[in-house]
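Scroll down for the structure; my scribbles are underneath it.
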Protein chains: 2
Amino acid sequence: MSGRVTMHQVAAEAGVSVSTVSKVINGRYGVSPETFEHVTGVINRLGYEASLVARSLRNRRTNVIGVLVADFEPFSTEVLKGVADAIRDTGYELVAYSAGGRIDEHVGWERRYLSRVMGTLVDGAVIVTPTVTDVQYDGPIVAVDPHTGRSSLPTVAADNLQGARLGVDHLLALGHRRIGMVTGRPDLVSAQLREQGYRDAIHAAGLRVDEDLLALGAFDPEQAREAARALLTLPDPPTAIFAANDISALATLDVAAELGIDVPGRVSVVGFDNIPESALSEPALTTVQQPMRQLGREATAMLVRLIAGEEIADTHITLDTTLVERRSTAPTEVPT
Amino acid sequence: MSGRVTMHQVAAEAGVSVSTVSKVINGRYGVSPETFEHVTGVINRLGYEASLVARSLRNRRTNVIGVLVADFEPFSTEVLKGVADAIRDTGYELVAYSAGGRIDEHVGWERRYLSRVMGTLVDGAVIVTPTVTDVQYDGPIVAVDPHTGRSSLPTVAADNLQGARLGVDHLLALGHRRIGMVTGRPDLVSAQLREQGYRDAIHAAGLRVDEDLLALGAFDPEQAREAARALLTLPDPPTAIFAANDISALATLDVAAELGIDVPGRVSVVGFDNIPESALSEPALTTVQQPMRQLGREATAMLVRLIAGEEIADTHITLDTTLVERRSTAPTEVPT
DNA sequence: GTGAAAGCGCTAACAC
DNA sequence: GTGTTAGCGCTTTCAC
């Protein structure tokens with residue numbers, strides 16, 4: 001069987017018109033039982049299935065939900081699993097779309113992606129970590145871990161402020177006083193709140209924030225490596241590092257290993273996210289867990305209601321975080 | 001800004017025809033610099049971006065690669081990450097498609113999915129764990145972890161036979177003699193080979209396979225739980241269980257906990273895959289690791305070459321597996 | 001009960 | 001240099 005079978009071919013083979021085939025497929029009235037039977041037979045024999053694209057172009061509703069991600073990395077992928085959880089048994093199909101992680105070249109990718117798929121391919125979309133505030137688009141859209149600024153979009157995010165405090169408080173409780181931070185992408189509210197939580201925790205402990213102990217990781221593996229290296233090679237390096245996400249924390253672990261700095265012996269490291277990979281590192285990462293799958297589930301539930309035209313009272317959902325203690329943190333060594 | 005902007009609207013706004021807009025967008029010749037400038041301005045102001053669907057329907061090439069999965073579970077998601085790795089900097093975009101895990105109701109989903117997207121939405125596809133052999137479709141398609149039977153499709157898979165032997169040999173080396181198995185989906189070659197490897201390893205150790213120690217888990221969490229329960233409540237239960245994948249192994253751990261059976265004290269458990277989740281269980285799972293991301297990368301590399309029209313000599317790639325020892329296995333207790 | 005025709009948003013011949 | 005037209009695969013009036 002070669003290439004794709006079109007409705008046209010089915011019609012020709014069955015000796016009927018395309019509109020009759022269409023009616024058979026969509027179960028419309030006005031087809032005799034015999035014709036129905038016959039056409040169905042041809043469809044099955046030829047293995048015909050309507051093109052998603054052609055159908056989408058024609059119909060207003062597509063019954064497809066889109067997940068728009070800059071890249072398929074651990075965080076977005078976990079969210080995707082959550083969306084898949086929520087989509088099961090709703091009758092919706094799922095299309096995850098990414099232009100391949102060329103983010104830097106395109107702040108504002110979400111606007112582009114939305115234009116490309118909304119209204120034609122998908123009925124609504126979950127956008128993961130969008131880069132701009134003003135996604136001025138009035139279709140059903142929910143943002144996960146959204147951009148800073150008052151957003152008119154419905155959003156779902158973890159309590160990043162509380163989470164960061166959890167992480168830094170943990171380090172403080174272990175006796176650390178010089179705590180560095182590898183910060184995240186400055187344009188994301190999640191990153192800002194995590195830095196804020198870091199500052200709050202340190203202030204609450206009666207300490208001052210040493211600005212030299214903050215380095216920009218930007219949620220990017222490479223940049224996080226540089227940031228970690230800068231921090232760890234300081235004349236008076238921190239005894240602990242709080243990283244704005246696990247990717248950055250993992251990069252920090254890496255750099256520490258390269259520099260021959262023992263974790264957690266000489267420096268403790270705390271991450272944020274609890275991506276699955278964080279348990280596989282050496283040492284396993286202590287991290288602030290945010291419920292990534294649940295972010296996806298909540299966002300999807302909201303999106304489905306939005307598509308159904310329901311009014312939603314609370315369009316900003318915040319989920320709690322928890323600390324997951326593993327092996328990358330330990331009490332400060334008593335100075336000898 | 002409301003809804004999606006169409007080329008028609010751009011044309012009207014700019015006071016030109018749609019074809020002129022099309023030419024501007026696609027950089028075709030035959031547009032005066034002034035018109036180009038003007039139309040470009042309107043496009044930017046309106047935030048216009050061509051609909052992926054309309055464009056796909058019209059053009060033969062779409063520059064989009066599809067990843068077709070029955071569901072977004074850990075295995076397929078890891079493969080997806082690998083595909084994303086490989087796609088970066090190729091210029092291709094990525095669409096992952098799933099109808100939402102209603103597998104059981106639809107063996108043969110991959111044929112349906114292919115018909116829906118191939119030739120219109122995507123230029124080629126990676127299908128993950130297809131259910132049938134005869135995906136009679138001659139477009140560029142690569143199967144990851146494919147169905148049993150001689151397949152004309154290019155395939156990428158792990159060495160399941162060697163992997164299973166690795167896992168079972170590990171248990172044998174620990175002194176286990178009564179080793180049960182929670183088997184996988186009988187229609188998948190991967191599952192068959194893992195069972196074969198189990199049998200081979202036991203025979204190679206000079207033992208007989210006790211058929212009562214095999215239970216069908218079908219790669220399904222629920223069914224795997226039943227299988228594990230059956231095995232663990234046997235009058236003379238096995239001292240170790242080899243599970244056909246990590247999902248099944250995790251289910252086994254779960255059931256053991258419910259039954260108050262200590263792992264690895266009373267029963268050792270080995271999984272297969274090394275999905276990220278397997279490190280998070282209690283106890284952390286000893287498992288046979290298959291390079292899931294690399295499966296995705298290799299498949300994509302092959303697919304890209306296929307789309308480019310290259311002849312590929314070796315269309316069946318097999319990747320090695322390795323044993324990851326964690327805490328769910330221990331030497332057999334000496335009978336008291 | 002069935003088919004012809006229009007049109008979804010776009011591109012590519014082909015006229016003008 | 002620009003617009004008109006046909007058509008990608010499909011659904012949906014609307015004649016017959």
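Naming: A, B, ... by sequence-line order, numbering from 1 per chain. This is a predicted model, so every value here is computed, not measured.
If you measure from atom CG of B:L57 to atom C1' of C:dC10, you get 8 Å, rounded to the nearest angstrom. Computed from coordinates, the B:L52 CG to D:dG9 C1' distance equals 16 Å when rounded to whole Å. Across the protein-nucleic acid pair, A:R55 atom CZ and D:dC8 atom C1' stand 16 Å apart, rounded to whole Å. Distance NE2 (A:H8) to C1' (D:dT11): 16 Å, rounded to an integer number of Å. Look at OH on A:Y29: it is 17 Å from C1' on D:dT12, rounded to the nearest Å. D:dT4 atom P lies 11 Å from atom NZ of B:K23, rounded to whole Å. Between the CG atom of A:N26 and the C1' atom of D:dG9 there is a distance of 13 Å, rounded to whole Å. Rounded to an integer number of Å, the gap from CG of B:L121 to P of D:dG9 is 14 Å.
B:S22 and B:S19 share no side-chain donor-acceptor pair at under 3.5 Å. For the residue pair B:E73/B:S76, the side-chain donor-acceptor check at 3.5 Å is satisfied.
A:S56 comes within 4.0 angstrom of no nucleic acid atom, judged by non-hydrogen atoms across all strands. B:V53 comes within 4.0 angstrom of nothing in the nucleic acid, heavy atoms only. Contact annotation for B:R28: backbone-only contact, meaning every heavy-atom pair under 4.0 Å involves sugar-phosphate atoms and none involves a base. Within the nucleic acid shown, A:Y48 comes within 4.0 Å of sugar-phosphate atoms alone, with no base atom in reach, counting heavy atoms only.
For A:E310, the CD atom is densely surrounded, since the number of other residues' heavy atoms within 6.0 Å is greater than 12. Taking a 6.0 Å sphere around CZ of B:R60, one finds it holds 12 or fewer heavy atoms contributed by other residues, nucleotides or ligands.
Contact annotation: the side chain of A:Y113 never approaches that of A:I127 to less than 4.5 Å [non-hydrogen atoms, C-beta and beyond].
Listed pair B:S51 / C:dG9 fails the phosphate criterion, with no side-chain N or O lying under 4.0 Å from OP1 or OP2. A sub-4.0 Å separation between OP1 or OP2 of C:dT11 and a side-chain N or O of B:N59 is absent. Contact between the side-chain N/O atoms of A:S32 and the OP1/OP2 oxygens of C:dG1 is not found at any separation under 4.0 Å. Between D:dT11 and A:S22, a contact under 4.0 Å exists linking OP1 or OP2 to a side-chain N or O.
Each of B:V18 and B:T120 has a nearest nucleotide on DNA chain D; the 5'-most of these lies closest to B:V18.
Taking 3.5 Å as the limit, the base of C:dA5 and the side chain of A:S19 contain no donor-acceptor pair of atoms between them.
Here the nucleotide nearest the side chain of A:R58, chosen from D:dT11, D:dG3, D:dG1, is D:dT11.
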